[in-house]
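The structure appears below as structure tokens.
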2 protein chains.
Amino acid sequence: MSMPDPAAPKPRAGRRKDPAAPRQRLLPGDRQHMILEGAISYFAEYGFDGRTRDLARHLGISQALLFRYFPSKAALIDRVYDVVFLNRWSPAWEQLIADRTQPLSTRLKAFYKDYNRSIDRYEVIRISLFSALRGESISERYFTRIRERLIQPIVLECRHALALAGPSDRPVSSHEEQLVFSLHSTVIYGIMRKHVFHQAGVEDPDFMIELYVDGFMAGARDAFARVQAHLAAKDARANTLATP
Amino acid sequence: MSMPDPAAPKPRAGRRKDPAAPRQRLLPGDRQHMILEGAISYFAEYGFDGRTRDLARHLGISQALLFRYFPSKAALIDRVYDVVFLNRWSPAWEQLIADRTQPLSTRLKAFYKDYNRSIDRYEVIRISLFSALRGESISERYFTRIRERLIQPIVLECRHALALAGPSDRPVSSHEEQLVFSLHSTVIYGIMRKHVFHQAGVEDPDFMIELYVDGFMAGARDAFARVQAHLAAKDARANTLATP
DNA sequence: TGCGTAAATGAGCGTATGATTAATAACGGC
DNA sequence: GCCGTTATTAATCATACGCTCATTTACGCA
């Protein structure tokens, strides 16, 4: 049992550990922005269970500094979500899809080329997945928005372009959404193969998107018609059972 | 400052905390199997950063027992990978795809219906994603196998069924793989929407798969031909540049 | 050149983690 | 019913985590 030596100098907090690397003093706005960008890169790589000490080392700052600019790790993650989800939506997409002065295939090609460019980023696709796997509500809201503002409008444009029978304002069926998702999936999953599964990326993405859209449009009339027939048959069966 | 009371009974390890819930004594094989199944469910829900204490509580056993049956958390995770990746492959798929006694569209419909049924499980799709995001090598090997044993064979069958010009044994191009992946993506991403993004699942999956395959086959001739022309043009350009 | 402000830091707090160990108790054989 | 075997457990360990705080020090301004 030994008492601490009262003559020993008390360790002094705040002293530089490595005098060769001078401490950088930034404007608070710049430092906050730098931390947020670094957090996006770090969490995209290691997931949200990554460590704050490790993140700080990647940033070249002390761990304590993170908590000066963000009250908690959870608050930092929320700001990461804001950047990845909220700031990555172009209102032009919805207008482009609905612009009937151009043929639908032209619109779809232009939309998916731009959409692909916008989300084909390592950080975006991985943080989306990490947050979806965590069951974050912002993630579910984001995917609901994709359905309501992209997929369902495209369904309506398909109905119009194909001049399908039936009232044009009837609700979009799940099956119709799935048809449009077959095109959407191709683009998204191509990006996931690259950034999540580390396979080779899609070469000539703009060229391939033209092929995908032309393939989709070539089969669309038949597919939508069969979906309508399928649903009509289902309805008929349900009515028969309901009034025997 | 008080010394521990020497008269106080020393806490006795191994005693039941809750005598109302009697301790279950299983055969080692059964217990190991039970832990492994529980670990698959647990890690599928919470990811591999989930806690061993939490897993043990889900299983209704003590945390220490996990380490009697698996030397470490990492070893348990490895066994989870074995079950999810290695035991979930049907050799019949490769035979089915290559069986030229049936039309290609029939084979693709049968294959994707079975494939969809096999991997449309919460645990499988989520654990695949968690491990891919971690960059596990078993995950990359698994996706390489999908390319080599499913995607590339389908490309070869497309070449044969469409009677495309060109030597039939030339290497499968990246662009051709991307075309087949457009069909594959539709199935996989539909499952991911359900189990990862918590959206409504695909209704009537078998019916929808028939639509997807028919749509793919309808556009396949044009798409493969344009890919060949695209690559030929690229080659010509490269040769022109190489020998000016 | 010196000084005050506040940005940045090292050390430390309480808790939780993966893993270990000695104590307990369930079950089969007699 | 007793007993030995061993499956199961409570308690504990060393470390790592998110977070706090007193101390240090970079920089703008005089």
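Letters go in sequence order (proteins before strands), and every chain restarts at 1.
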Pick out the pairs of N or O atoms, protein on one side and nucleotides 16-18 of chain C on the other, that lie under 3.5 Å.
| from | atom 1 | to | atom 2 | distance (Å) |
| --- | --- | --- | --- | --- |
| C:dT17 | OP1 | B:Arg51 | NH1 | 3.1 |
| C:dG18 | OP1 | B:Gly50 | O | 3.4 |
| C:dG18 | OP1 | B:Lys73 | NZ | 3.0 |
| C:dG18 | OP2 | B:Thr52 | N | 2.9 |
| C:dG18 | OP2 | B:Thr52 | OG1 | 2.7 |
| C:dG18 | N7 | B:Arg53 | NH1 | 2.9 |
| C:dG18 | O6 | B:Arg53 | NH2 | 3.0 |

Return the polar atom pairs (N/O with N/O) between nucleotides 28-30 of chain C and the protein under 3.5 Å, or none.
none

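Per the geometry, CD1 belonging to A:Ile61 stands 11 Å off C1' belonging to C:dT9, to the nearest Å. As a whole-Å value, the separation of B:Arg68 CZ from D:dT6 P is 10 Å. Between the P atom of D:dC21 and the CG atom of A:Leu65 lies a distance of 16 Å, rounded to the nearest Å. Spacing between atom CZ of A:Arg57 and atom P of C:dG10 amounts to 13 Å, rounded to whole angstrom units.
Residue pairs that meet the side-chain hydrogen bond (donor to acceptor under 3.5 Å, both in side chains) test with at least one member in residues 86-97 of chain B, sequence neighbours left out, are B:Trp89-B:Glu94, B:Trp93-B:Asp114. Within the structure, side-chain hydrogen bond (donor to acceptor under 3.5 Å, both in side chains) contacts touching residues 145-156 of chain A (residues at least two apart or in different chains) are A:Arg147-A:Glu177, A:Gln152-A:Glu177.
The shortest heavy-atom contact between B:Val84 and B:Ser128 is CG1-OG, 4.3 Å. Minimum heavy-atom separation, B:Phe216 to B:Leu179: CE1-O, 3.5 Å.
Around CD of A:Glu45, the count of heavy atoms belonging to other residues, nucleotides or ligands within 6.0 Å exceeds 12.
Ring orientation note: the planes of A:Phe48 and A:Tyr81 are nearly perpendicular, at an angle over 60° on the 30°/60° scale. Taking the six-membered ring for Trp and thresholds of 30 and 60 degrees, A:Phe197 and B:Phe143 have nearly parallel ring planes, at less than 30 degrees apart. Ring geometry for B:Tyr46 against B:Tyr42 counts as tilted: the plane angle lies between 30° and 60°, on a 0 to 90° scale.
For a distance-only test at 3.5 Å, the side chain of B:Arg23 fails to qualify as a donor-acceptor partner of the base of D:dT9.
For the pair A:Asp206/A:Arg117, a side-chain contact is recorded, criterion being any heavy-atom separation below 4.5 Å from C-beta on.
Within residues 25-39 of chain A, the residues approaching DNA chain D are A:Arg25, by heavy-atom distance under 4.0 Å.
Not less than 6.0 angstrom separates the ring centroid of A:Tyr189 from the ring centroid of B:Tyr189.
Residue contacts for B:Leu66: at a heavy-atom cut-off of 4.0 Å it reaches no nucleic acid atom on any strand shown.
Under the side chain to side chain donor-acceptor pair (under 3.5 Å) criterion, A:Thr52 pairs with A:Gln63, not counting sequence neighbours.
Taking only side-chain nitrogens and oxygens, A:Tyr69 never comes nearer than 4.0 Å to OP1 or OP2 of C:dA7.
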